[in-house]
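All remarks here apply to the structure that follows.
As the structure is a computational prediction, the values presented were derived from the model and not from experiment.
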Amino acid sequence: MNYRHSMTCHTEGIRLNAPVRWRGLDGLVGVFWDAEAHSGASGYYLSPDPRIVIFFNDVSSQIRISNRNAEFERHHRPMTRAIYVPAGVPMWTRFTAAHRFSHLDLHLHKDRLLRFLAPSVGASAALSALRRPVEIQDVGAIETLAGLLVSEVANPSKHAVYTESLVGSIVAGLLDIPTPDDAHTNGRLTQGQMNKLVARIDGRGDCRMTVAEMAGTVGLSESWFANVFKQTTGQTPLQWQLGRRIDLAKKLLSESELTIAGVAAQLGFSDQAHLTKVFRQIAGETPAAWRRLHQTR
């Protein structure tokens with residue numbers, strides 16, 4: 001398949017340290033960048049094709065990423081070591097500090113990915129995986145594979161089948177490919193993802209997280225996470241989170257000596273009246289009434 005990727009890209013404050021190296025293969029293009037940016041540098045990227053970006057150094061402290069430029073400050077998150085960006089998903093980046101970095105970009109034709117995945121997982125599961133963004137910090141073996149691939153991109157020495165197999169291994173290792181019993185095939189969070197989310201939020205003293213933090217916990221973009229979360233739970237992320245805060249309020253009311261105002265303060269409610277209003281909406285009675293019925297003697 002003759003393929004040339006087409007991506008809209010605008011950057012400011014980023015410069016190359018070496019010429020870009022690239023190699024075209026069957027339905028994909030690999031590009032290696034070595035560059036540096038000053039504090040405040042920015043980028044905008046939009047591609048009609050799926051793509052993968054793998055960084056060879058940690059950039060989570062220097063680069064912020066968002067899929068909403070107009071609300072960047074509210075919805076940004078740290079850039080992770082490896083990301084998969086589905087076709088048509090825009091991405092904005094900003095540097096919080098000067099930084100030198102290198103990364104491998106893989107631009108992949110959707111049909112090529114389907115040809116690779118469908119025989120093993122089925123067309124429906126493959127299409128589902130291609131629609132789900134992935135962002136991971138612990139790259140593990142993916143970094144090793146990417147390093148081998150960069151060598152073949154920069155200085156081809158082996159048959160193309162070797163290079164394409166490296167790309168295939170990276171795709172299989174990075175994409176969130178569902179198993180036959182995985183509820184994710186229906187656009188839902190897996191039980192493992194829900195367990196991770198519950199553990200993370202229950203580990204917070206006030207059970208409060210932003211939607212961006214919740215999405216990052218399960219490796220999804222904020223917009224995609226909000227959609228599949230409601231499909232999974234029947235609630236928005238904030239509605240679900242509020243319910244868990246009220247569950248924690250019940251526990252504190254029944255097991256601790258905190259005043260109702262103290263419970264409200266610990267769980268991040270503006271005051272006792274705010275807690276009472278929300279508690280009544282969810283539990284059907286006031287915190288005081290709940291305490292009288294359930295407090296441990």
(request) Check Val29, Val53, Leu149 against Leu106 for a side chain to side chain contact (heavy atoms under 4.5 Å, CB included) and give me the one that passes. (result) Leu149
(request) Looking only at non-hydrogen atoms, find the nearest pair between Leu108 and Asp49 and report the distance. (result) O-CB, 3.5 Å
(message) For Phe279 and Phe269, I'd like to know if the aromatic rings sit close, meaning centre-to-centre distance below 6.0 Å.
(response) no
(message) With heavy-atom distances below 4.5 Å as the criterion, would you say the side chains of Ile65 and Pro78 are in contact?
(response) no
(request) Specify the closest pair of heavy atoms between Met7 and Ser47, including all atoms of both residues, with the distance to one decimal. (result) CG-CB, 3.8 Å
(request) Please examine the side chains of Thr11 and Ile14, heavy atoms only from C-beta on, and report whether any two atoms are closer than 4.5 Å. (result) yes
(message) Taking Pro90's backbone N and O only, do any of them form a donor-acceptor pair with Asn67's side chain (distance below 3.5 Å, no angle check)?
(response) yes
(request) May I ask you to decide if Leu253's main-chain N or O and Ser256's side chain share a donor-acceptor pair within less than 3.5 Å? (result) no
(request) Check whether any side-chain heavy atom of Leu148 lies under 4.5 Å from a side-chain heavy atom of Tyr162, and answer yes or no. (result) yes
(request) Report yes if some heavy atom in the side chain of His99 is under 4.5 Å from a heavy atom in the side chain of Asp58; otherwise report no. (result) no
(message) Testing the basics here: between Phe116 and Gly168, what is the closest heavy-atom pair and its distance to 0.1 Å?
(response) CZ-O, 3.3 Å
(request) Could you state whether Leu252 and Val278 fall into the same hydrophobic cluster, counting links through intermediate Ile, Leu, Val, Met, Phe, Trp or Tyr residues with side-chain heavy atoms under 4.5 angstrom apart? (result) yes
(message) side chain to side chain contact (heavy atoms under 4.5 Å, CB included) for Phe56 and Val150? Distances and angles first, verdict last.
(response) CA-CA 11 Å; Phe56 291 97; Val150 166; 3.6 Å; yes
(message) Within this structure, what is the CD-CZ distance for the pair Glu12 and Phe95, rounded to the nearest 0.5 Å?
(response) 13.0 Å
(request) Show your working on side chain to side chain contact (heavy atoms under 4.5 Å, CB included) between Leu275 and Ile260 and close with a plain yes or no. (result) CA-CA 8 Å; Leu275 171 61; Ile260 295 173; 4.1 Å; yes
(message) Quick one, His107 with Leu28, criterion side chain to side chain contact (heavy atoms under 4.5 Å, CB included). Give me CA distance, side-chain angles, the key distance, then yes/no.
(response) CA-CA 6 Å; His107 301 268; Leu28 61 96; over 6 Å; no
(message) If only side-chain N and O atoms count, and only distance matters, is there a donor-acceptor pair under 3.5 Å linking Arg23 with Thr163?
(response) yes
(message) Rounded to the nearest 0.5 Å, what separates atom CG in Asn69 from atom CZ in Arg94?
(response) 5.5 Å
(message) When you compare the side chain of Gln241 with that of Gln235, does any pair of heavy atoms fall below 4.5 Å?
(response) no
(request) Answer whether the closest heavy-atom distance between the side chains of Pro133 and Pro86 falls below 4.5 Å. (result) yes
(message) Any side-chain to backbone donor/acceptor pair from His76 onto Phe72? Under 3.5 Å, distance only.
(response) no
(message) Distance check, rounded to the nearest 0.5 Å: Thr232 atom OG1 versus Gln191 atom CD?
(response) 9.5 Å
(request) Spell out, as yes or no, whether a donor-acceptor pair under 3.5 Å connects the side chain of Thr96 to the backbone of Ser61. (result) yes
(message) With a sphere of 6.0 Å drawn around CG of Asp138, does it hold more than 12 non-hydrogen atoms of other residues, nucleotides or ligands?
(response) no
(message) For a 4.5 angstrom cut-off between non-hydrogen side-chain atoms, does Leu130 reach Leu175?
(response) yes
(request) Give the C-alpha distance, both sets of side-chain angles, the deciding distance and a yes or no for side chain to side chain contact (heavy atoms under 4.5 Å, CB included) between His103 and Phe32. (result) CA-CA 6 Å; His103 62 75; Phe32 176 68; over 6 Å; no
(request) Keeping the roles fixed (side chain from Arg21, backbone from Ala154), state whether a donor-acceptor pair exists under 3.5 Å. (result) yes
(message) Taking the ring of Trp240 and the ring of Phe229, is the distance between their centroids below 6.0 Å?
(response) yes
(message) Can you tell me how far apart SG (Cys9) and CE (Met91) are? Round to the nearest 0.5 Å.
(response) 9.0 Å
(request) Report yes or no: do Leu25 and Val153 belong to one cluster of Ile/Leu/Val/Met/Phe/Trp/Tyr joined by side chain heavy-atom distances under 4.5 Å? (result) yes
(message) Same cluster or not: Val59 versus Tyr45, using hydrophobic residues (I, L, V, M, F, W, Y) connected whenever any side-chain heavy atoms lie under 4.5 Å apart?
(response) yes
(message) Check this for me, if you would: do Arg112 and Asp26 make a salt bridge, where the nitrogen-to-carboxylate-oxygen distance has to be below 4.0 angstrom?
(response) yes
(message) Let me confirm one number: the OG1-CE distance from Thr217 to Met194, rounded to the nearest 0.5 Å.
(response) 11.5 Å
(request) State yes or no: do Leu145 and Tyr84 share one hydrophobic cluster built from I, L, V, M, F, W and Y residues joined by side-chain heavy-atom distances below 4.5 Å, directly or via other members? (result) yes
(request) Verify, without hydrogens or angle tests, whether Arg81 (side chain) and Phe55 (backbone) share a donor-acceptor contact under 3.5 angstrom. (result) yes
(message) Between Arg77 and Glu213 (salt bridge meaning N to carboxylate O under 4.0 Å), is one present in this structure?
(response) no
(request) Would you check if Arg244 and Ile201 make a side-chain contact, meaning some heavy-atom pair closer than 4.5 Å? (result) yes
(request) Please report the closest heavy-atom contact between Ala126 and Leu117, naming both atoms and the distance. (result) CB-CB, 3.8 Å
(request) Check for a donor-acceptor pair, side chain of Gln239 on one end and backbone N or O of Thr236 on the other, with a separation under 3.5 Å. (result) yes
(message) Closer than 4.0 angstrom, basic N to acidic O: yes or no for Glu285 and Arg280?
(response) no
(message) Any side-chain to backbone donor/acceptor pair from Glu36 onto Leu16? Under 3.5 Å, distance only.
(response) no
(message) Closer than 4.0 angstrom, basic N to acidic O: yes or no for Asp34 and Arg100?
(response) yes
(request) Hey, could you give me the CG/OG distance between Leu166 and Ser151, rounded to the nearest 0.5 Å? (result) 9.5 Å
(message) Strictly distance-based, threshold 3.5 Å: is any side-chain N or O of Thr233 a donor or acceptor partner for the main-chain N or O of Lys230?
(response) no
(message) To check you understand the geometry: which heavy-atom pair defines the closest contact between His109 and Asp111, and what is its length?
(response) ND1-N, 3.0 Å
(message) Can you confirm whether Lys196 is buried at NZ, in the sense that more than 12 heavy atoms of other residues, nucleotides or ligands lie under 6.0 Å from that atom?
(response) no
(message) Are there over 12 heavy-atom neighbours, none belonging to Trp33, within less than 6.0 Å of that residue's CH2?
(response) no
(message) Membership question, hydrophobic clusters at under 4.5 Å side-chain separation (ILVMFWY): are Phe101 and Ile54 in the same one?
(response) no
(message) When you measure from the side chain of Glu152 to the backbone of Ser157, do you find a donor-acceptor pair of N or O atoms at a distance under 3.5 Å?
(response) yes
